[in-house]
Amino acid sequence: MSAANQTSAPTSPLGTAAATRLVAEREVSTQVKSKSFIISTLVTVVIIVGGIIALDFFTGNDDDQFTAATVDVVTEGQAHLETAGFDVSDTSSIQEAEELLREGEVDVIVTADPDSPLGLQLIGLDSIPMEEAQLLSVMPTMDVLDGDAADEGLRYIAAMGFGLVFMIVAMGSGMMILQNTIMEKQNRIVEILLSAISARALLAGKIVGNSIVALGQAVVMAASAALGLAVTGQLDYLEMLSWPMLWFVVFFIPGFVLVASVFAASASLVSRQEDSGSVMTPAMMMVMLPYFVVIFMLNNDLVITIASYVPFSAPVAMSLRLFDGDVAWFEPVVSMGILLLTTALVMALAAKIYSRSLLQMGQRVRLSAALKSSG
Amino acid sequence: MLELHDMCRSFSGKQVLHDVSFTADRGQLTGFVGGNGAGKTTTMRIILGVLAADSGTIVLDGSPLTSTSRSRFGYMPAERGLYPKMKIAEQITYLTRLHGFSKDEAISRAERLLESLGLADRMKDPLETLSTGNQQRVQIAAALVHDPDVLILDEPFSGLDPLAVDQILAVLTERAEAGSVVLFSSHQLDVVERLCNDLVIIGDGRILDSGDREDLRRRHGTLRYELTSETDLTWVRSRPGVEVDEAAPAKVLFRAEPPAAQSLLAEAVQRGTVQSFRPVLPNLSEIFREFTADKTQQESPV
């Protein structure tokens, strides 16, 4: 075999970029081809689409008819509402209408509004009366009695959505990096890999590959949500969410690279799956923190604002603030700058830890030792 | 020719390699022997560039190693390792591509090599479904698929049945005859003795001796003689300066200084017809034991 093969041996080793691409390619293809990945992705899609449909079915139309209290609405408008299927009761003053709304007698107040194309304005109690408005052929103007203009319920769903997607995806891919890295160490294939390519290329390939998978998952989740909203005819929500979602993706990429670097560096410190628990905890906390911050501190503006600058929670918190809309133009830019800088630093550090502890077998490598030892 | 000059390496303050120097020639198998923890694996990892040395140089054919020359190295680690769930053909193709081959070239190389190793019908099977012997063949494929110029094998024969040892040996000999440097470590000294012309002995991070196998055997250990005769030889036991290791009525194996051995031979000739008389060189295990014994003596606080 040697005589025939000797002609085409490569004259130079694979460059870091090419090696990175190959490793990334393998990471992506082995994961995407695995049964568990396909099944869990399908389950996620079903849960999201089904969940939105179910939510719409159980909450939206529990009454077949919406009830509206009208104030100062002309007969033409009254007729319009009735054709649209509202159960209309006329009231003499706005105070009376408000009382009916607060007591839950009616779902919405309808008043005259010269700025509206229909001449009507819909007022909800504490959320934008989106569903009611959709019954009308032309969008009316809308307002709420209590709270901000933004929909509290929707805000909570958006916060939970961003938080959950980031947590689920980062945790899933992070665990995958952790397992693969330890597996490579445990199997000693890492020695063969390192005899061909550098530890840096191996780390970079792992991060790139898993980031692609993670981003893909996030996109699939977003698309499922969009599909669910489209099926239930709630496209307006989708419109409201599209900008924050784009920002979320922009923040997600460096945010995930940061998480991936931490997971890979942590994993390189141990050489057996049984020991993974001890190094996994800090990385896991880092991934779960943003979710709990946005869920429990949703109404604490200060905490959310701080969280939107902390690199680990920025992807979730800044997306939420962008959804709220009370963000100066430079804020996401500054936050992104901090995130990018941190990611670059953590990556450099991770590369150092990774290349130094990858070949140390047996006992867990101490972090300080990995940073000190001379390679 | 691969040359190591004064390689030193410490792990967290403890020096594990002390000025390790030796050479491995092209065209033959070089055995690298030493006890557990002697520094074999560390040395091999340094040659491969997987680990950095604290000091020292490695020279291949007169020029220092570069990443380009290292890309033509093949490695088989002591503890076997490949991806257990990956299909074997895919796996070997991937490793070949990491060595810089194009995709098509890597695929055809992997297939050809696996076929030649008798794995043609297992190409699409994940590694973990193969028997130990077949996994071992895949491991060899991983070390050979890029036509390495220098082959470094850490304990390639451990845990293998004689048939598998012969198969691997055939492959290694073929590589050596094609002009590659083939260096392998082992603690199975009888195997190394049978296979290698050149030996490097390492103990406690220091090269104890290296060179041609026969030279080593002549230099070290105690020389013994074997004498066979048609007459009874039990009288040998009573001669001064002679220590008999094995004795049958017509055959003795004894240790003695050359003059004593010669006079013993003369006496044997007088007593009857001598069938044979020959020096017996120590085998590798004995040399190895001698080195270990030296060390124990040095260490014992007398």
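What's counted below: heavy atoms across the whole structure, side chains too, no hydrogens, waters or symmetry copies. Just so it is clear: chains get the letters A, B, ... in the order the sequence lines come, proteins before strands, and each one is counted from 1.
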Electrostatic pair B:D147-B:R109, nearest N-O below 4.0 angstrom: yes
Using only non-hydrogen atoms and a strict under-4.5 angstrom cutoff, which residues of residues 22-33 of chain A touch chain B? A:L22, A:V23, A:E25, A:R26, A:K33
With a 4.0 Å cut-off on N to O distance, would you call A:E184 and A:K206 a salt bridge? yes
Given B:L51 and B:F11, is the side chain to side chain contact (heavy atoms under 4.5 Å, CB included) satisfied, shown in steps? CA-CA 11 Å; B:L51 205 67; B:F11 283 119; 3.7 Å; yes
Does either side chain, that of B:S69 or that of B:T66, offer a donor lying less than 3.5 Å from an acceptor on the other one? yes
Measure B:Q91 against the heavy atoms of chain A and call it side chain, backbone, both or neither at under 4.5 Å. side chain
If I measure from the heavy atoms of chain A, does B:M86 come under 4.5 Å with its side chain, its backbone, both, or neither? side chain
Under 3.5 Å side-chain donor-acceptor pair for B:T41 and B:D154: yes
Interface moiety of B:L82 toward chain A, non-hydrogen atoms closer than 4.5 Å: both
Within the side chain of A:S211, is there an N or O that forms a donor-acceptor pair under 3.5 Å with the backbone of A:V257? no
Could you tell me whether a side-chain N or O of B:D61 sits under 3.5 Å from a main-chain N or O of B:M1, the two making a donor and an acceptor? yes
